[in-house]
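Read the structure below first, then the notes.
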Amino acid sequence: MCIAKSVGLAARNDVADVRIVQVLLNLNAEAWSGVALKQLSVDGQIGPNTIDAIRDFETRAMGLPESDGLVTPGDATMARLLAGLPPGPTKEKLGIVMPRAMPRRIDLYYEPLVKGMTRYGIDSPLQIAHFIAQLAHESGSLLYAEELADGSAYNGRTDLGNNEPGDGPRFKGRGLIQLTGRNNYRDYSRFTGVDYVSDPTRLALDAFACVDVACWFWQSRKIGPLAEADDARAVTKRINGGYNGLDDRLEHLARAKALLGL
């Protein structure tokens, strides 16, 4: 399901859910054959324009005799909104999976994501859903390309290859699925031919590198088969080493699956 709570008249109207419904209504504008429609402002705020758009969609596009101005998780209106989406990846769909993502961050990472997933073969519906869900959590909906903590907790982590003073902060998490530790930076540098060991900070400064390292990690750690098995816990553990943020990852996964018809 794409929304967690109801949207519309006398509804819960959480900001993220309202944004999702607004985007879906905009993407379904063609459903109103011959009716001139103004695109909704995607602001996450419920108001008469959004409620009127729900009503118009239910009566004009769906042919219902009347509308209650309400969309609820898994109802016929949501099913019809999802069925009317244009094919293929779009920035708007990425925004539905990550309703808290800022438009400028989606603009920044959309093209690198499309190209990166194609390059690394992350192209089946289940892999796409799990990859985007994990990436959404790890990056705070595309907000962070570098770990907020200073990395000192990784000092002395020989399992990560951090055997020199200051290696923790130097090789802290970077990229949209955060690469951590000297060993991982070394391996990715060898793969790309770019020296991220001597200048680790550059990994967080380029949008294509941020996405590429996430795709590389997914492929090199053989996470694809876990996603194909639809095992969200196993995918999370392979990425995180535990189950931190599992509920948030599952929330993003549910939206991604709904968009992909899973």
Side-chain angles (χ1 to χ4, degrees), residues 1-4 16-17 19-28 30-31 71 73-101 105-107 109-142 175-177 207-208 210-240 243 245-262:
M1 61 184 175
C2 268
I3 57 175
D17 287 338
R19 286 179 59 88
I20 289 169
V21 170
Q22 289 169 335
V23 172
L24 288 171
L25 287 166
N26 284 343
L27 290 175
N28 273 269
E30 64 186 35
V71 183
D75 70 1
T77 302
M78 178 55 67
R80 177 60 183 82
L81 285 167
L82 291 171
L85 291 176
T90 67
K91 292 180 182 179
E92 291 83 4
K93 289 181 180 179
L94 190 58
I96 291 171
V97 179
M98 305 184 205
R100 298 173 185 85
R105 304 300 285 184
I106 291 176
D107 289 342
Y109 289 114
Y110 174 74
E111 184 180 351
L113 277 169
V114 172
K115 290 184 176 180
M117 288 191 294
T118 300
R119 177 188 178 193
Y120 286 87
I122 305 171
D123 50 12
S124 73
L126 272 171
Q127 280 209 59
I128 292 169
H130 280 271
F131 179 75
I132 294 296
Q134 293 289 332
L135 183 146
H137 175 79
E138 291 285 315
S139 67
S141 293
L142 306 180
L176 295 189
I177 292 181
F208 279 91
C210 285
V211 171
D212 190 79
V213 71
C215 295
W216 171 82
F217 186 87
W218 184 272
Q219 183 188 72
S220 66
R221 297 307 187 274
K222 297 179 171 54
I223 302 173
L226 303 178
E228 295 291 357
D230 201 16
D231 191 340
R233 287 180 61 84
V235 170
T236 298
K237 187 171 184 180
R238 186 70 57 88
I239 289 172
N240 176 256
Y243 303 105
L246 181 61
D247 288 346
D248 185 63
R249 298 171 202 264
L250 292 175
E251 182 182 320
H252 286 95
L253 179 61
R255 288 194 287 264
K257 283 183 171 181
L259 285 180
L260 292 165
L262 297 172

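What you see is a predicted model, and the numbers here were worked out from it, not measured in a lab.
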Q: Could you check I132 against M98 for side chain to side chain contact (heavy atoms under 4.5 Å, CB included), going step by step and ending with a plain yes or no?
A: CA-CA 9 Å; I132 294 296; M98 305 184 205; 3.9 Å; yes
I'd like to know if the side chain of [X] reaches the main chain of [Y], judged simply by a donor and an acceptor atom lying under 3.5 Å from each other, with no hydrogens or angles considered.
| X | Y | result |
| --- | --- | --- |
| R238 | I223 | no |
| K93 | L260 | no |
| H252 | D248 | yes |
| N28 | L24 | yes |

Q: Using the test salt bridge (charged side-chain N to carboxylate O under 4.0 Å, His left out), find all partners of D231 that sit at least two apart in sequence or belong to another chain.
A: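 Listed in chain order: nothing, the list is empty.
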(Q) Evaluate E228 against H130 for side chain to side chain contact (heavy atoms under 4.5 Å, CB included), listing each step before the verdict. (A) CA-CA 9 Å; E228 295 291 357; H130 280 271; over 6 Å; no
Q | Identified side chain to side chain contact (heavy atoms under 4.5 Å, CB included) partner of I96 from the options I3, L82, T90, V23 | A |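 In the set I3, L82, T90, V23, the residue that makes a side chain to side chain contact (heavy atoms under 4.5 Å, CB included) with I96 is V23.
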Q: Let me know which of L259, V97, D17 forms a side chain to side chain contact (heavy atoms under 4.5 Å, CB included) with C2.
A: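 One option only clears the test, and that one is L259.
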(Q) To the closest 0.5 Å, what do you measure between SG (C215) and CZ (F208)? (A)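 Going from the SG atom of C215 to the CZ atom of F208 covers 11.5 Å.
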Q) Atom NZ in K91, atom CG in D107: separation rounded to 0.5 Å? A)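 The NZ atom of K91 sits 4.0 Å away from the CG atom of D107.
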Q | Heavy-atom side-chain proximity of R221 to I239 below 4.5 angstrom | A |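 No, every pair of side-chain atoms sits at 4.5 Å or beyond.
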Q. Can you list the residues that meet the ring pair (Phe, Tyr, Trp, His ring centres under 6.0 Å) rule with F131, with sequence neighbours excluded?
A. W218
